[in-house]
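I have placed the structure first, in the form of structure tokens, so that the comments after it can refer back to it.
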Amino acid sequence: MTRTIKYLLLMLITIVVGTYFFITCCSECGAAVTSTEPTTQKEIIKAPSATSYPFAIDGNGFAYNTNDNYNFNISSHDILMPLSAELTEGVSGLQSHLESNGSNVINVTGYYTSEEENNTAFPNLGLARANSIKNDLASKGFSTAQINTQGKLMDEMIPKDGTYWGAASFDLEEKSATADDDLKALYDKIKADPLILYFNTAEASIHLDAAQRQKVADISRYLDKVSDATASVVGHTDATGQASTNMRLGQDRAEFAKNYLMQNGIAADKIIATSKGQTQPIATNTTEEGRVKNRRTVITLK
């Protein structure tokens, strides 16, 4: 009897121990299986770093480099002021170099992105920015005859806090041997196909298409290069109403167009605004279609 009890106790102990290890091992296996199940992790995407292009020139006997440069807000051609001391120093040195080297020209390239809005009179926002830089240089004593401007699409530009840092580049080179011939060709082009604006009744804004914007750029370029050149802005009306009233209306429209050009960087003393009123129609005044053609403002070179 004692031996039987011992045998039963041994079997019970074996069963209990076996059950313990079975439960323990299965629990660990289950935990291990659970831990090896794939888990979904959110992909971490870092925001791209803002770009910053330096004011850097090295050529034709002049070298200067600073991380500071001309800066612009998104979709704006207005320079953010004030300029840094380092940039002002570089600009001053560049001015001295150009004064001593009359055959040199500085090429100013304004950058822009395809996501920006161009609300200027120029073909693209980059050219408008280059034109603003040109005007800043001119205010510091630079000759605009030694400044070339152009725009460049730079979609890799990334703003910081709504600002593009250093949205321009600069390059010194010798004046083109065909520069004078190029200016003569540009003059003939503008005279042959002037910029003509049409105004609706009570209209107080100007909206240019791509071809008209290019004409503004051409006129601005010619005025920069030829010191005594001026732009002629002439207002015309139809024959409706009194001649004296139409003369004043033509002048008002010419002044409006002049102010528009000034807002886009063309100097006031380079623009002469006059009126011809109803005296020079280009179409009949007996139809509305003809009168629309006569209500025009013509911008060309003197």
Side-chain angles (χ1 to χ4, degrees), residues 59-60 77 94-95 97-110 120-152 168-197 206 208-236 254 257-258 260-274 276 280 282 296-302:
N60 277 37
H77 70 295
L94 177 61
Q95 179 190 2
H97 175 83
L98 289 174
E99 287 178 346
S100 301
N101 298 269
S103 63
N104 280 192
V105 294
I106 183 72
N107 298 318
V108 181
T109 302
T120 74
F122 290 90
N124 60 69
L125 190 57
L127 181 56
R129 286 170 172 161
N131 190 69
S132 294
I133 295 173
K134 176 209 70 182
N135 290 336
D136 180 69
L137 297 178
S139 73
K140 293 175 169 57
F142 282 66
S143 168
T144 56
Q146 288 180 279
I147 305 174
N148 295 327
T149 56
Q150 60 186 354
K152 181 179 180 181
S169 63
F170 303 81
D171 176 57
L172 264 176
E173 66 178 12
E174 290 291 318
K175 181 180 178 182
S176 170
T178 62
D180 292 340
D181 292 338
D182 293 342
L183 282 176
K184 177 61 169 59
L186 183 61
Y187 177 86
D188 292 341
K189 174 185 175 183
I190 295 169
K191 292 292 287 185
D193 187 19
L195 173 60
I196 302 177
L197 306 177
I206 296 175
L208 304 183
D209 59 28
Q212 290 173 318
R213 290 174 187 269
Q214 185 58 54
K215 289 179 182 181
V216 172
D218 289 342
I219 291 170
S220 177
R221 178 188 170 200
Y222 188 86
L223 295 177
D224 286 340
K225 299 299 182 183
V226 181
S227 59
D228 59 348
T230 56
S232 167
V233 182
V234 182
H236 301 267
K258 175 180 178 177
Y260 178 73
L261 296 176
M262 290 167 54
Q263 291 169 8
N264 284 276
I266 298 179
D269 60 0
K270 287 279 191 176
I271 310 169
I272 300 173
T274 59
K276 295 296 183 181
Q280 294 183 354
I282 58 173
R296 69 199 189 279
T297 299
V298 181
I299 303 172
T300 186
L301 297 172
K302 292 288 284 185

Residues which pass side chain to side chain contact (heavy atoms under 4.5 Å, CB included) with Ala185, listed by chain and number, not counting sequence neighbours
none
Contacts of type side chain to side chain contact (heavy atoms under 4.5 Å, CB included), residue Asn107, not counting sequence neighbours
Val105, Asn148, Asp171, Glu173
Who pairs with Lys189 by side-chain hydrogen bond (donor to acceptor under 3.5 Å, both in side chains), at least two apart in sequence or on another chain?
Asp218
Can you list the residues that meet the side-chain hydrogen bond (donor to acceptor under 3.5 Å, both in side chains) rule with Ser169, with sequence neighbours excluded?
Tyr111
Residue pairs fulfilling salt bridge (charged side-chain N to carboxylate O under 4.0 Å, His left out) with at least one residue in residues 123-134, sequence neighbours excluded
Glu116-Arg129, Lys134-Asp224
Non-neighbouring partners of Tyr187 that pass ring pair (Phe, Tyr, Trp, His ring centres under 6.0 Å), sequence neighbours left out
Tyr222
So OG1 of Thr149 and CZ of Arg221: to nearest 0.5 Å the spacing works out to 8.5 Å
Do you know which two heavy atoms are closest between Lys258 and Ala273, and how far apart they sit?
CD-CB, 4.1 Å
The salt bridge (Lys or Arg N to Asp or Glu O under 4.0 Å) partners of Lys140 (sequence neighbours excluded) come to Asp136
By salt bridge (Lys or Arg N to Asp or Glu O under 4.0 Å) - contacts of Asp193 (at least two apart)
Lys215
Nearest heavy-atom approach of Thr297 to Ala257 is CG2-CB, 4.0 Å
Contact summary for Asn124 and Thr120, nearest pair of heavy atoms:
O-OG1, 4.5 Å
Would a distance-only check, ignoring hydrogens and angles, find a side-chain to backbone donor-acceptor pair under 3.5 Å from Lys191 to Thr300?
no
Can you name the salt bridge (Lys or Arg N to Asp or Glu O under 4.0 Å) partners of Lys225, sequence neighbours left out?
none
Would you check if there is a donor-acceptor pair between the side chains of Gln146 and Asn104 at a distance under 3.5 Å?
no
Pairing residues for Lys184 by the salt bridge (Lys or Arg N to Asp or Glu O under 4.0 Å) criterion, not counting sequence neighbours:
Asp188
According to side chain to side chain contact (heavy atoms under 4.5 Å, CB included), who are the partners of Asp209, at least two apart in sequence or on a separate chain?
Ala211, Gln212
Sequence neighbours left out, what passes side chain to side chain contact (heavy atoms under 4.5 Å, CB included) with Ala231? Give chain and number order.
Ile219, Leu223
